[in-house]
Amino acid sequence: MHPRQKKLILVLAAPVFLLLYVMFALALSEYVPKHWLVQLVFYILAGTLWAFPLKPVFIWANTPPKE
């Protein structure tokens with residue numbers, strides 16, 4: 001697959017994934033206890049964990065085409 005096609009897929013799929021992730025995190029935040037330390041840990045984790053599922057997609061989109 002051509003690198004431009006891969007990056008187009010990434011540009012279209014990443015915002016959809018992020019929107020779903022944010023909606024899930026917001027729904028999950030309703031169940032987080034109201035203690036400030038628990039909320040701090042939750043929002044730090046929620047703010048960084050989105051990158052792990054997208055990392056393989058970014059790597060795939062930036063690999064050169066196989067000949």
Side-chain angles (χ1 to χ4, degrees):
M1 187 178 282
H2 195 271
R4 293 182 111 191
Q5 293 170 326
K6 290 180 178 181
K7 289 182 182 177
L8 177 63
I9 293 170
L10 176 66
V11 165
L12 297 174
V16 172
F17 169 77
L18 289 173
L19 178 65
L20 293 173
Y21 180 83
V22 167
M23 290 171 49
F24 175 74
L26 285 174
L28 195 61
S29 71
E30 295 292 323
Y31 300 102
V32 176
K34 301 298 180 201
H35 189 271
W36 69 271
L37 185 58
V38 176
Q39 288 185 342
L40 177 68
V41 171
F42 172 78
Y43 285 111
I44 288 173
L45 287 174
T48 56
L49 289 178
W50 64 268
F52 292 104
L54 284 181
K55 184 178 179 182
V57 179
F58 280 109
I59 292 171
W60 169 77
N62 290 304
T63 55
K66 295 179 181 172
E67 309 247 349

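Positions are given from 1 along the sequence.
In terms of hydrophobic clustering, with Ile, Leu, Val, Met, Phe, Trp and Tyr side chains grouped at heavy-atom distances under 4.5 Å, L49 and L54 are assigned to a common cluster.
A distance of 10.0 Å separates CG in L8 from CE in M1, rounded to the nearest 0.5 Å.
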Let me check something: any side-chain donor-acceptor pairs from residues 21-42 under 3.5 Å, sequence neighbours excluded? List them with distances.
unit_1 : atom_1 : unit_2 : atom_2 : d
Y21    : OH     : A46    : O      : 2.8
S29    : OG     : L26    : O      : 2.6
H35    : ND1    : L37    : N      : 3.1

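Put simply, the side chain of P3 reaches to within 4.5 Å of the side chain of P65, judged on heavy atoms. Side chains of K7 and N62 form a contact here, defined as non-hydrogen atoms less than 4.5 Å apart.
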Pair V57-I9, side-chain contact (heavy atoms from CB on, under 4.5 Å): steps then yes or no: CA-CA 9 Å; V57 179; I9 293 170; over 6 Å; no

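The heavy-atom pair separating W50 from F17 by the smallest distance is O-CE2, 3.7 Å. Contact record, L10 with P15: O-CD, 4.1 Å, taken as the closest heavy-atom pair.
V16 belongs to a hydrophobic cluster whose other members, connected by ILVMFWY side-chain contacts under 4.5 Å either directly or through intermediates, are L20. I59 forms part of no hydrophobic cluster, judged by ILVMFWY side-chain heavy-atom separations under 4.5 Å.
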